[in-house]
Protein chains: 2
Amino acid sequence: MKKYLNDEPSCAVDYAFRRIGGKYKGRILWYLHVNTILRYGELRKKLHDITPKMLTQTLRELEDDGLVNRKVYHEVPPKVEYSLTETGKELIPFIDYLKQWGDKQIAKENSKL
Amino acid sequence: MKKYLNDEPSCAVDYAFRRIGGKYKGRILWYLHVNTILRYGELRKKLHDITPKMLTQTLRELEDDGLVNRKVYHEVPPKVEYSLTETGKELIPFIDYLKQWGDKQIAKENSKL
DNA sequence: CTGCATCCAAGTTGATACTG
DNA sequence: CAGTATCAACTTGGATGCAG
């Protein structure tokens, strides 16, 4: 994650956006909110249009940012579970709100057709 | 803006993210929330690191998405004012929340140094 | 003052094949 | 099962100059 330092009052808004602004981050956080715990393969199925590379990359970024936990089971076959951290959970109300807003906008668009 | 249609439950989250996920959109919405009305040049000063091209481009996207109003005064010199639409205002609680979260995270990071 | 046009650089995502 | 590696394509942002 890039550095970010300036004296703008909205600095924090920008900061937050960069942490959750990836193409799939919103959806991953949402799925982990709804399901609490998901394995790598389960996330892959839910995000049906994601490549393994992007999924791994995105999960690593979220992990580095302290938003998700990664729990590895050293077994055969391997098993890795992902879940929200406390910090990640703090974002849920916000994602909830965003989802409601999105639903509303989509409904509005459909009613125009 | 690209089409987006699938049957995922989190569809709306993704939809919303694409509408406010640009590099400067969060900040612009925030400034328009705090100041209510801003002229092109004022926004440019506040977003001191933005180029005119990006500012115009971003404002057009927000306008097309129905989040900001653009009011042109046909005078010399020209004058253009931007403000939030009703739909745009609905995003404010969300941006507020996000800002608080961001401030908190930044404080946390600083305390670790 | 408020932009638009052009060209280019950088960053982000995708496709495909392969591994412990 | 859960990833990595490599390369290509796409998207976004920046620099500069000009215009109504």
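Chain letters run A, B, ... following the sequence lines, proteins first and then strands; every chain starts at 1.
In terms of the side chain to side chain contact (heavy atoms under 4.5 Å, CB included) criterion, residue partners of B/Arg60 (sequence neighbours excluded) are, by chain and number, B/Thr56, B/Glu63, B/Arg70, B/Tyr82. Partners of B/Glu86 under the salt bridge (Lys or Arg N to Asp or Glu O under 4.0 Å) rule, at least two apart in sequence or in another chain, are B/Lys89. A search for salt bridge (Lys or Arg N to Asp or Glu O under 4.0 Å) contacts involving B/Glu42 returns nothing, not counting sequence neighbours.
Closest to the side chain of A/Thr56, out of C/dC4, D/dT4, C/dT13, is D/dT4. Closest to the side chain of B/Val80, out of D/dA2, D/dG3, C/dG3, is C/dG3. Among D/dG3, C/dT2, C/dG14, the nucleotide with an atom closest to any side-chain atom of A/Lys23 is C/dG14. Nearest to the side chain of A/Pro77, among D/dC1, C/dG14, C/dG3, sits D/dC1.
The side-chain heavy atoms of B/Asp14 and A/Trp30, taken from C-beta on, include no pair separated by under 4.5 Å. For the pair B/His74/B/Val72, a side-chain contact is recorded, criterion being any heavy-atom separation below 4.5 Å from C-beta on.
The nearest whole Å value for the distance from the CD1 atom in A/Ile50 to the P atom in C/dT16 is 16 Å. The distance from atom NZ of B/Lys25 to atom P of D/dG13 is 9 Å, rounded to the nearest whole Å. One interatomic measurement links the two molecules: OH of B/Tyr40 to C1' of C/dG3, which rounds to 6 Å at whole-angstrom precision. In this structure, B/Gln57 atom CD and C/dC4 atom P are separated by 10 Å, rounded to whole Å. Atom CG in B/Leu38 sits roughly 16 Å away from atom P in C/dC1 (whole-Å rounding).
Residue A/Arg60 places at least one side-chain N or O closer than 4.0 Å to OP1 or OP2 of D/dT4. Taking 4.0 angstrom as the limit, A/Arg70 places none of its side-chain polar atoms (N or O) nearer than this to OP1 or OP2 of D/dA2. Residue B/Arg39 places none of its side-chain N or O atoms closer than 4.0 Å to OP1 or OP2 of C/dC1.
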Inset, instruction - Summarise protein proximity over nucleotides 15-20 of chain D in one line of letters, 5' to 3': B for base, S for sugar-phosphate only, - for none, counting protein heavy atoms closer than 4.0 Å. - result: B----B
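Taking the screw axis at each terminus of the helix from C/dC1-D/dG20 to C/dG20-D/dC1 from five consecutive base pairs, the angle between the two is 60° to within rounding of 10 degrees.
In this model, a donor atom of one side chain and an acceptor atom of the other lie less than 3.5 Å apart for B/Tyr15 and B/Arg19.
Considering all non-hydrogen atoms of both residues, A/Lys25 and A/Ile20 come closest at CB-O, 3.6 Å.
Among the atoms of the strands shown, only primed sugar atoms or phosphate atoms (P, OP1, OP2) are found under 4.0 Å from some heavy atom of A/Tyr82. Nucleic acid contact class of A/Tyr73 (heavy atoms, under 4.0 Å, all strands): none. Nucleic acid contact class of B/Arg44 (heavy atoms, under 4.0 Å, all strands): base.
Surrounding NZ of A/Lys104 are at most 12 heavy atoms belonging to other residues, nucleotides or ligands under 6.0 Å away.
Note on residues 84-107 of chain B: pairs passing ring pair (Phe, Tyr, Trp, His ring centres under 6.0 Å), not counting sequence neighbours, are A/Phe94-B/Phe94.
No side-chain donor-acceptor contact under 3.5 Å links A/Tyr73 to the backbone of A/Glu81.
Take the nearest nucleotide of DNA chain C for A/Met54 and for B/Glu42: the residue whose nucleotide is more 5' is B/Glu42.
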